[in-house]
2 protein chains.
Amino acid sequence: MAKSPSKPITEHLAYLLAQANREINRQLDARFRKEGVPVEQWRILKVLSDGKGHSMGELAEAVLLNHPTLTKMVDRMVSDALVYRVQDADDRRKVLMFSSDRGKALTQRLNSLALSQEAFIAENYGDKATADLKRLLEGLIEKAN
Amino acid sequence: MAKSPSKPITEHLAYLLAQANREINRQLDARFRKEGVPVEQWRILKVLSDGKGHSMGELAEAVLLNHPTLTKMVDRMVSDALVYRVQDADDRRKVLMFSSDRGKALTQRLNSLALSQEAFIAENYGDKATADLKRLLEGLIEKAN
DNA sequence: TGGGAATCGTTGAATATTCAATATTTTCCA
DNA sequence: TGGAAAATATTGAATATTCAACGATTCCCA
């Protein structure tokens, strides 16, 4: 008896997520191109835009990067004067990250590029579908943790 | 007037996709751990499991890897005797990739690990939600291309 | 039919990420 | 309270990815 063909890769949730993620990220990266900033740096800047001071661990969690990767990305951003480090006085193991004025200005320009992408997607893909997709993704993430 | 706070990062579609993708991929990777194979190699093996011979370009597209990255990953897989290269007789610029017997056996073990993950997700997250999510992702990908 | 342009895959150098080990500080409890 | 264990961030070496350039082959049309 012949071996039954297995489900094609394109029908796996993991693959669909990877594909969608890649495509949307590509489009966003293309918009960010003129600012010369990768998507991860936008996420960092955005989290820091509350002006509050976030530890590296907290940031790593929030921007989906592991610690050493974040450390090195932050090094680059410090060189570019977008963010700066302050040792936490209450717990001196920690480093608190802040956005500089230059970083804040960049954040606003990136935010508006990102919003325009979201608007573009909602327009082409449909408001309802977009909202449904977001809701389902939130649910999946919640269950997965 | 104070600047209005911008939408939090967690409400952006791009972020939700990245987060969900990361989490699902992590879980899949954990299951693949005992076989010592990254998710990308499973994708490659799965595409090759039709026994037909796929060019590098075709493969790169199918498994969401760019050409140089795929070349080097295939190099490793050839070393592990999972796949092999054959020059295309009809167009000698092309290289056709095939799965070895060893590769095919591994593919089956990985397929069953992947299926068990999908079953786990469907169970915890709900059959309907999973199906809806897949459908919406397919739609998004289609629009995006 | 000759030869420039396009396609396909690989390579090497530059860059980025990851893993394991480290230094520092804090926590906890015997 | 002393000191082992845990938490935090960084570093360096190993690994992986990306970018630009290349070599080989095929396509196309003047």
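Chain identifiers are assigned alphabetically (A, B, ...) following the order of the sequence lines, protein sequences preceding nucleic acid strands; residue numbering begins at 1 within each chain.
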| Rounded distance (Å) that lies between atom C1' of C:dT18 and atom CE of A:M73 | 13 Å
| message | Between P on D:dT15 and CG on A:N66, what's the gap in Å once rounded to a whole number? | response | 17 Å
| task | Would you check, one step at a time, whether the test side-chain contact (heavy atoms from CB on, under 4.5 Å) holds for A:L96 with A:Q87? | result | CA-CA 6 Å; A:L96 297 180; A:Q87 191 181 46; over 6 Å; no
| field | OP1 or OP2 of C:dT11 under 4.0 Å from side-chain N/O of B:T71 | value | no
| query | If you find the nucleotide of DNA chain C closest to A:R76 and the one closest to B:S55, which residue's nucleotide is nearer the 5' end? | reply | B:S55
| When the distance from CG of A:L64 to P of C:dA16 is rounded to whole Å, what number comes out? | 19 Å
| Do any of residues 88-98 of chain A sit with a heavy atom less than 4.0 Å from DNA chain D, and if so which? | A:R93, A:K94, A:V95
| query | Would you call B:D132-A:R135 a salt bridge at under 4.0 Å N-O? | reply | no
| What residue pairs, at least two apart or across chains, pass ring pair (Phe, Tyr, Trp, His ring centres under 6.0 Å) with a residue in residues 97-145 of chain A? | A:Y84-A:F98
| said: What is the separation between atom CG on B:D75 and atom P on D:dT17, rounded to the nearest whole Å? | reply: 12 Å
| request: To the nearest Å, give me how far apart CD1 (B:I44) and P (D:dA16) are. | output: 13 Å
| field | Value in whole Å for how far the P atom of D:dA16 lies from NZ of A:K72 | value | 15 Å
| query | C:dT10, D:dT18, D:dT11: which one has an atom nearest the side-chain heavy atoms of B:T69? | reply | D:dT18
| Got a sec: does the CD of B:E61 have more than 12 other heavy atoms crowding it under 6.0 Å? | no
| With a cut-off of 6.0 Å (strictly less than), are more than 12 heavy atoms of other residues, nucleotides or ligands near NZ of B:K7? | yes
| message | Donor-acceptor check, side chain of A:T71 to backbone of A:H67, threshold 3.5 angstrom: yes or no? | response | yes
| Under 6.0 Å from the CD atom of B:E118, do we count more than 12 heavy atoms belonging to anything else shown? | yes
| request: Please state how far atom CE in B:M56 lies from atom C1' in C:dT11, giving the value in whole angstrom units. | output: 13 Å
| Between P of C:dT10 and CG of B:L59, the distance in whole Å | 10 Å
